[in-house]
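Each ligand, and each atom within it, is numbered from 1 in the order the structure gives. The model shown is predicted, which means the values in this text are computed figures rather than measured ones.
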Amino acid sequence: MESPTLSANALKAVTEWEKNISPGFDSFPIIWDSAKGHTVTDTDGKTYIDMISQFAVTNFGHSHPHIIDAVVEQTRRCALTNTSYVNPLYGKLATRLSQKFGYDSIASMVTGAEAVDSLIKIARKWAYIKKGIPNDEAIILTTDQCYHGLTLATMCLSNRISQNFGKHLPNVGPFNPTTGKVVRFGEVEDLEDALTGASNQIAAVLIEPIQGYAGTRAPPQGYLTAVQTLCKKHNVLFLCDEIQTGFGRTGYDLAYQCEPDVQPDLVALGKALTGGATPMSLVMGKSPVMDCIEPGDIVSTFAASPVGCAAALAVLDVLETEEISARAKHLGCVLTRAIDKAHLPHILEHRGRDKGLFQTLVVDEKPEVGITARRIAALCALRGVLCGNAANRLRLSPPLVISEEALIHAIDIMAVAFRDVQTMGVFPGSA
Ligand code: PLP
């Protein structure tokens, strides 16, 4: 089979990219020009089905008219207020979110990693001034394979720590403080052991309700309730990172809602909070904990910008009026059925089958015969389907407004790519 090639136009963009941009994104050579709904168009006019949504950001589709109108209108009226004065949209957003999710207040940042950084700060401060943990001893406990960002503080929360960045943030990570053993995600006993042995030192337990970067790793039903119960028992805060699972993705407005009566002490939101129109993140929480924050503790020049707040308010409108969460749940079943029907070869595992449009295919890689997740993702991209790739996994998290037809068509294209990959040799993006 003939290998696909790049157009002169695309080649020029790729060459410029490779020459002038430091690595960080291991990008595929698809040159985006515009995007609408679930469709991306490249600079040669070819269209693609977006099956990633920038890892769960553009949940409401690219350029959703209601969100874009809100952003454009607000940008014209006042793009940025001075943080020393009042941005009324921030108050409006705080009220709306608090009423919707039952929290008392919010604090805004810009990126997801900053929101998690704030979770750590708030939990530590609470531990020192309310729980009475001796200074500098408070621990933030996470679980294995978590991902909370790549700043100096957040990358240390994971046991997949990047090397050669100097000393990492102390007292955070997925290790039982007493035994040093890793605390496995989804294993209640691991958490119980850690909390029982060191509840006087642990300020908070931080989890993703479903791990995203790790490839849709969902805990067993009942895990979130058990985490909450254990945290309450040991006077430890329960922190939930909903940055990737938020706003409809898993079939719920927020993924922790899949278990009744779960309400974490603090929740971090980012990504889909503004639907991809402009960046903003935030933390929402209950009074006694949020009250620990004092003026100057958590601020950032571009946090809670009027444009970000306008986008988030519009996102909430879309989430509610278009019943996005119910739609994601339904489309998740459509996607699962399409994948089952396609009988894809080289699959070890299909994760997130009942987790809305938050699914992952784990590939049985055989690099010696050309079968890798990277090569499959690259081939899918060249043939018109954009899916995410990390290690041996393919992520399927399309916009939640995608049509059933597009979803099924995407799987048809992927099925052919899965079958062809072995015979393709080297092609753009395959390495
Ligand atoms: N937390 C989770 C669960 C994430 O998936 C991510 C990003 O993928 C982050 C935090 C970091 O967000 P950002 O890349 O906006 O800093």
(message) Once you restrict to heavy atoms under 4.0 Å, what part of Tyr213 touches ligand 1? Side chain, backbone, both or neither.
(response)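 Neither; no heavy atom under 4.0 Å.
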(request) Could you tell me whether Lys271 approaches ligand 1 through its side chain, its backbone, both or neither, with non-hydrogen atoms closer than 4.0 Å? (result)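 For Lys271, only side-chain atoms sit under 4.0 Å from ligand 1.
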(message) Quick check: Gly149 and ligand 1, any N/O pair under 3.5 Å apart?
(response)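 No, since none of the N or O atoms of Gly149 sits under 3.5 Å from an N or O of ligand 1.
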(message) Side chain or backbone, does Gly112 bring an N or O within less than 3.5 Å of an N or O on ligand 1?
(response)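 Yes, there is a polar N/O contact under 3.5 Å.
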(request) Pick, from Gln244, Met280, His148, the option with the minimum heavy-atom distance to atom 9 (C) of ligand 1. (result)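 Selected option, by shortest heavy-atom distance: His148.
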(message) Strictly distance-based, threshold 3.5 Å: is any side-chain N or O of Thr154 a donor or acceptor partner for the main-chain N or O of Thr151?
(response)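 Pair found, side chain donor or acceptor close to backbone of Thr151.
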(request) Distance to 0.1 Å, residue and atom name: give those for the protein heavy atom nearest to atom 1 (N) of ligand 1. (result)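 So the nearest neighbour among protein heavy atoms is Asp241 OD2, 2.6 Å.
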(request) If you have a sec, work out which protein heavy atom is nearest atom 16 (O) of ligand 1 and how many Å separate them, to one decimal? (result)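 Nearest protein contact, heavy atoms only, for atom 16 (O) of ligand 1 is Ala113 N, 2.9 Å.
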(request) With Lys329 as the cation and Tyr252 as the aromatic partner, state whether NZ or CZ is under 6.0 Å from the six-membered ring centre and within 45° of the axis. (result)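 The answer is yes, since Lys329 meets both limits relative to Tyr252.
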(request) Decide whether a cation-pi geometry holds between Arg374 and Phe28; the criteria are a distance under 6.0 Å from NZ or CZ to the six-membered ring centre and an angle within 45° of the ring axis. (result)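 Judged by the rule, Arg374 and Phe28 form a cation-pi pair.
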(request) Name the orientation class of the two ring planes belonging to His62 and Trp32 (parallel below 30°, tilted from 30 to 60°, perpendicular beyond 60°). (result)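 If you compare the ring of His62 with that of Trp32, the planes turn out perpendicular.
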(request) Establish whether atom 5 (O) of ligand 1 and some protein heavy atom are separated by less than 4.0 angstrom. (result)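 Within 4.0 Å: yes, protein heavy atom nearby.
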(request) Just jot down the ligand 1 atoms closer than 4.0 angstrom to any heavy atom of Glu208, in number order. (result)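 Listed by number with element, the hits are 3 (C).
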(message) Working to the nearest 0.5 angstrom, can you tell me the gap between Arg351 CZ and Ile210 CD1?
(response)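 Here the interatomic distance stands at 12.0 Å.
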(request) Mind checking the SG-CG spacing from Cys333 to Asp354? Nearest 0.5 Å is all I need. (result)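 The CG atom of Asp354 is 8.0 Å from SG of Cys333, to the nearest 0.5 Å.
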(request) Decide if the gap between the ring center of Phe185 and the ring center of Tyr223 is smaller than 6.0 angstrom. (result)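 Phe185 vs Tyr223: aromatic centres under 6.0 Å.
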